[in-house]
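Written out below as structure tokens is the structure these notes cover.
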Amino acid sequence: MNHAYQTYTGGVQFNVPDSSPEIEQLQQSYRARLAGALGQSRPVAGVTSNTAPWELLCAAGYFPVLLSPANGPAPFAAPYMEAGFDGRTRSIFDRLLSGEWSFLHTVVIPRTSEQEHKLFLYLREVARQEPSRKLPRTLLFNLLHAQSAEARTYGLSRTRELWKALGPASMEELAKAIADGNAARGALRALLRLRADRLSGAEALPLLGAYYFMDRADYARLAVRAADIMAARPAIPGPRVMIKGSMLDHPHLHRAIEGHGAVVAAEDDWWGSRAAGQDVSTELGPLEAVFLKYYEDAPSPRVFPASVADAWFLETASTVAGVVFYISPDDDVRGWDYPRQRSALDARGIPHLLLREDPAGGDVPPECHDRIEEFTTRLKG
């Protein structure tokens, strides 16, 4: 096998990429992730994951943007953070301390994972020890994902608390933000439907990911048009697979898998297939409706019990030919779930493959390509 992946020609024969102003703008927003925030007249609020309630931020007059830096050297974080932190959390901490993100007025950190909770605590401690250091205001959205009456009551209270902390805003403004957010989710779902036969995973991820870096009304308009254009394409052949595990905010692993003839039709993480979920209800009070969306319908590694966390995964796994588990080298959560989920696939006769190599830099090691090739050949057979 030729390990020079750039010249690999045995994969999916993708359609010639469509080009339109709408598609190009979505792709550009995905690549230049902070460009939209830097040009804002509104105060910018950075969020660290999908369980920060965007509707509350928008209604309060903020421009929310996902903080998604590339992993790399983190010299400002090094004196404070132990090596056990994952690369993404270290990079966010580093840029906040360095002043690179001085344009941020506020940072909202949901308690979606232990890493995020520790990020909040470390930022608070730096502010305590070094009061002269300029840091954005940092708020914790202490949303627990345990499925219990106590967690539900507590989460609604924390939602009201965050709403108050963000500043004065009316329920009419919140209703408008909910409508814009629901329109964007509808556009996401239009793109997601094309992944059954018209849209490859590597093509889809930038179009879906732009959702986290744009005004939601603008995203809805552009993404609906992109979906209309791509719906006219011919079908893409190849066995469909799902990626399960660590969050992927880049298409490098998708390209590697699809270079061997499969098509990534879904991801069980909040960046891809699960980004939209259901709309925020318009039949409840706006604050309660926003809370329930992020409590009941936003994928999180902290969902308990395991049967609730596994439900979407197992349902979607039954619609694909195989599952690729990706557990990043610095993961400390999903590895605990892997044996249980692997056994569930075995019981259902669904093929699966585990990858641990980190493709964030764009290169997948040759031995990883060999295993992907063996797996996709099995699926084709």
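We're numbering straight along the sequence, starting at 1.
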Would you say the side chains of Thr112 and Ser49 form a donor-acceptor pair under 3.5 Å?
yes
Can you name the salt bridge (charged side-chain N to carboxylate O under 4.0 Å, His left out) partners of Asp228, sequence neighbours left out?
none
Excluding sequence neighbours, so at least two apart, what forms side-chain contact (heavy atoms from CB on, under 4.5 Å) with Asn182?
Ile178, Arg185, Asp279, Val280, Thr282
What pairs with Arg128 under salt bridge (charged side-chain N to carboxylate O under 4.0 Å, His left out), at least two apart in sequence or on another chain?
Glu125
Are the aromatic rings of Phe85 and Tyr122 close, with centres under 6.0 Å apart?
yes
Partner set under side-chain contact (heavy atoms from CB on, under 4.5 Å) for Pro239, not counting sequence neighbours
Ala262, Ala321, Leu379, Lys380
Under 6.0 Å between ring centres: does that hold for Trp54 and Phe63?
no
More than 12 foreign heavy atoms under 6.0 Å from CD of Gln278: is that the case here?
no
Arg31 meets the salt bridge (charged side-chain N to carboxylate O under 4.0 Å, His left out) criterion, sequence neighbours left out, with none
Residue set satisfying ring pair (Phe, Tyr, Trp, His ring centres under 6.0 Å) with Tyr211, at least two apart, ordered chain then number -> Tyr219
Hydrogens and angles aside, do His254 and Glu267 bring a side-chain donor and acceptor to less than 3.5 Å of each other?
yes
Sole candidate of Val47, Val44, Leu139 that passes side chain to side chain contact (heavy atoms under 4.5 Å, CB included) when paired with Thr106:
Leu139
Apply salt bridge (charged side-chain N to carboxylate O under 4.0 Å, His left out) to Arg33 and list each qualifying residue two or more places apart in sequence or on a separate chain.
Asp249
Are Asn142 and His117 close enough that a side-chain donor and a side-chain acceptor fall under 3.5 Å?
no
Hey, could you give me each pair passing ring pair (Phe, Tyr, Trp, His ring centres under 6.0 Å) that has a residue in residues 136-166? Not counting sequence neighbours.
none
Quick one: hydrophobic cluster around Tyr338, which other residues, with the 4.5 Å side-chain cut-off, linked directly or via members?
Met242, Trp312, Phe313, Leu314, Val320, Val323, Phe325, Ile327, Leu345, Ile350, Leu354
Please determine, by modelled atom types, if Glu374 and Thr377 share a side-chain donor-acceptor pair under 3.5 angstrom.
no
So salt bridge (Lys or Arg N to Asp or Glu O under 4.0 Å) across residues 82-94, not counting sequence neighbours, yields none
Not counting sequence neighbours, list each pair that qualifies as a salt bridge (Lys or Arg N to Asp or Glu O under 4.0 Å) and has a residue in residues 152-162.
Arg152-Glu296, Arg158-Glu161
Does the side chain of Ser20 come under 3.5 Å of the side chain of Glu22 through a donor N or O and an acceptor N or O?
yes
Can you run down the salt bridge (Lys or Arg N to Asp or Glu O under 4.0 Å) pairs that involve residues 61-76, sequence neighbours left out, and say none if there aren't any?
none
Step through the shown structure and confirm whether more than 12 heavy atoms of other residues, nucleotides or ligands are within 6.0 Å of CZ on Phe103.
yes
